[in-house]
2 protein chains.
Amino acid sequence: MNATPHDIPTNRANGPASCGACPVFSNNLCNGLTQAALAAALPASAIHDHTAPARRSIWREGETVERVPVICQGWAATAITLSDGRRQILSFLLPGDLVSAALIFQTASQCSVDAITEVRYRTFPRGDIKAALRAQPDLFAAVSRILSGESMRSDRLAIDLGRRGAAERIANMILNLAERLRRRDMMAGETMDFPLRQHHIADAVGLTVVHVGNVLAEFRRARLVEINDRSLTILDPDALRRVAEAV
Amino acid sequence: MNATPHDIPTNRANGPASCGACPVFSNNLCNGLTQAALAAALPASAIHDHTAPARRSIWREGETVERVPVICQGWAATAITLSDGRRQILSFLLPGDLVSAALIFQTASQCSVDAITEVRYRTFPRGDIKAALRAQPDLFAAVSRILSGESMRSDRLAIDLGRRGAAERIANMILNLAERLRRRDMMAGETMDFPLRQHHIADAVGLTVVHVGNVLAEFRRARLVEINDRSLTILDPDALRRVAEAV
DNA sequence: CGTGAGCTTGACTTGTTTCAACCAACGTGG
DNA sequence: CCACGTTGGTTGAAACAAGTCAAGCTCACG
């Protein structure tokens with residue numbers, strides 16, 4: 001089954017070689033080619049593997065991040081928290097995602113990174129990546145694609161939060177996740193692993209947990225989606241897209 | 001006076017040399033150094049100057065943008081428009097701003113660019129910039145600083161739209177603009193040129209024109225700001241910051 | 001067995017939108 | 001020079017979307 005966790009050897013010894021075995025690798029560090037190049041250019045010893053348990057914060061806002069992290073397995077989220085506790089999730093990180101392209105260029109992290117499920121990730125030395133970026137045109141191209149992709153996603157988030165109603169936002173969020181998972185071969189038909197709690201959704205779409213619950217109940221009643229046992233299936237994709245509305 | 005429009009020769013003949021005379025140049029293509037390098041590396045003939053009248057759209061969503069644009073003078077905005085007319089302004093562009101760093105890497109523009117005042121801008125050939133990026137480490141550093149800055153701004157926008165109330169959002173917007181103008185030496189004390197109409201503010205903070213009007217009226221009543229004749233002065237910066245709330 | 005995290009539901013409050021009318025400033029053309 | 005339409009701003013009343021508060025339920029976990 002596609003949605004099953006795939007296993008990557010975690011011990012450092014296996015080093016970058018294991019990336020070749022990673023089923024998401026081809027979508028990895030940007031749609032395709034790239035990290036093969038990157039891995040080849042870096043000594044195996046420069047790459048570190050890590051694991052974070054579910055529900056734990058991986059980095060806090062403002063912390064210095066010495067190495068550039070890529071998610072190998074599990075779901076995580078980048079978020080900003082206001083002093084009074086209000087929180088906004090900026091993006092969900094799926095296997096193969098660079099945590100943030102900005103981290104290639106600067107060490108200060110604007111936002112915290114929180115594990116949603118257990119997360120396995122891998123970090124690369126920033127200096128080496130920057131050097132490789134100069135040397136390898138296709139790596140450069142790949143990173144620029146990531147950058148464009150990130151800015152596109154944050155633009156979409158802005159219009160969601162600024163100009164769309166609750167149902168639209170949530171429908172869009174579900175469709176976007178499904179889309180991203182499908183590209184990674186992590187959808188089984190219209191069904192996906194769905195480890196998000198309602199409070200994750202609420203923080204991602206800028207609503208209250210209660211209101212998210214209501215909207216989801218409405219979706220279920222309308223037979224748009226079915227959610228149980230940490231798995232979501234889209235029953236009526238067209239209708240859901242209609243709720244999510246046009247560009 | 002600082003807020004006065006500064007004049008840059010518009011005819012191509014004067015080429016990049018005129019950039020040296022531009023008072024915002026030092027904040028330019030990112031806080032400092034960079035474009036000097038860029039200008040030096042590019043033939044004068046490769047740089048084109050343009051002017052757009054106030055209230056006109058410069059590029060529409062989805063249009064192919066062949067050359068990388070930098071704002072020289074005036075205010076512009078990048079925005080996304082939904083098919084039903086709802087609009088979200090993603091950022092205001094001030095003199096010295098690269099329209100979007102993503103345009104260095106890709107030709108498709110996700111969002112439209114609209115002139116607010118009359119805008120003078122300058123475009124550079126994408127290929128040359130990419131080449132210069134490889135050759136000149138400090139240009140590369142500068143562009144990465146722009147990229148981080150852009151992603152920081154869009155993160156702040158997201159938390160504003162997702163998690164803050166109307167007054168907070170508007171106060172933040174004003175403070176951010178003041179901050180950016182101050183870095184450009186375009187503030188006279190606490191007073192700035194303020195060409196924005198209420199509908200620009202509404203589209204930027206994700207509210208209705210009417211509600212923006214109400215909040216601004218409230219601000220005026222509370223003697224936080226004064227707006228007249230397309231100019232805004234912050235009467236009580238501390239109080240305004242208090243309204244804008246903590247990080 | 002108890003505790004706490006997550007979800008659901010209902011009643012009530014608040015913030016924001018919608019609709020509508022009206023005013024002032026401005027530019028345009030007769 | 002005036003009549004006129006347009007654009008931008010203000011105000012008020014009513015409708016609506018989302019937030020808050022509160023209670024109760026399930027389930028996993030120690």
For a quick check, with a 4.0 angstrom heavy-atom cut-off, what is the B/S/- contact string for nucleotides 13-22 of chain D, read 5' to 3'? -----SSBB-
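Whole-Å rounding puts the A/Ile201 CD1 to C/dG6 C1' distance at 12 Å. For the pair A/Leu216 CG and C/dC7 C1', the interatomic distance rounds to 10 Å; values are reported in whole Å. One interatomic measurement links the two molecules: CG of B/Asp229 to P of C/dA24, which rounds to 18 Å at whole-angstrom precision. The CZ atom of B/Phe194 sits 14 Å away from the P atom of D/dG8 (whole-angstrom rounding). Atom-to-atom, CZ of A/Phe219 to C1' of C/dC7 comes out at 17 Å; the value is rounded to the nearest Å. The separation between B/Asn228 atom CG and C/dA24 atom C1' is 15 Å, rounded to whole Å. We find that CZ of A/Arg55 is positioned 10 Å from C1' of C/dG4, with the value rounded to whole Å. What separates CD1 of B/Ile227 from P of D/dG8 is a distance of 15 Å, to the nearest Å.
Rounded to the nearest 0.5 Å, atoms OG1 (A/Thr81) and CZ (B/Arg163) are 10.5 Å apart.
Remark on the helix from C/dC1-D/dG30 to C/dC26-D/dG5: inter-end axis angle 30°, axes from five-pair C1' superpositions, rounded to 10°.
The shortest distance between side-chain heavy atoms of B/Thr233 and B/Met192 does not fall below 4.5 Å. You'll find the side chain of A/Asp229 stays beyond 4.5 Å of the side chain of A/Phe194, heavy atoms only.
In this structure, A/Ala52 and A/Ala115 approach most closely via the heavy-atom pair CB-CB, 4.4 Å.
Of the side-chain N and O atoms in B/Arg86, none sit less than 4.0 angstrom from OP1 or OP2 of C/dT17. For D/dT10, the OP1/OP2 oxygens have a side-chain nitrogen or oxygen of B/Arg220 closer than 4.0 Å. Contact check, A/Gln198 against C/dA5: no side-chain N or O comes under 4.0 Å of OP1 or OP2.
Scored by the side chain to side chain donor-acceptor pair (under 3.5 Å) test, A/Glu66 finds no partners at all (sequence neighbours excluded). Residues passing the ring-ring contact (aromatic ring centres under 6.0 Å, His included) test with B/Tyr121 are B/His50, B/Trp59, sequence neighbours excluded.
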Could you write out each protein N or O paired with an N or O of nucleotides 26-30 of chain D at a distance under 3.5 Å?
none

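The neighbour count for B/Arg60 CZ, taken as heavy atoms of other residues, nucleotides or ligands under 6.0 Å away, does not exceed 12.
Each ring pair (Phe, Tyr, Trp, His ring centres under 6.0 Å) pair with one or both residues in residues 146-174 of chain A, not counting sequence neighbours, would appear here, but there are none.
We find that A/Asp236 and A/Arg241 are not joined by a salt bridge, their nearest charged nitrogen and carboxylate oxygen being 4.0 Å or further apart. Between A/Arg55 and A/Glu118, no side-chain nitrogen of the basic residue sits less than 4.0 Å from a carboxylate oxygen of the acidic one, so the salt-bridge criterion is not met. Using a 4.0 Å cut-off between a side-chain N of Lys or Arg and a carboxylate O of Asp or Glu, A/Asp114 and A/Arg87 qualify as a salt bridge.
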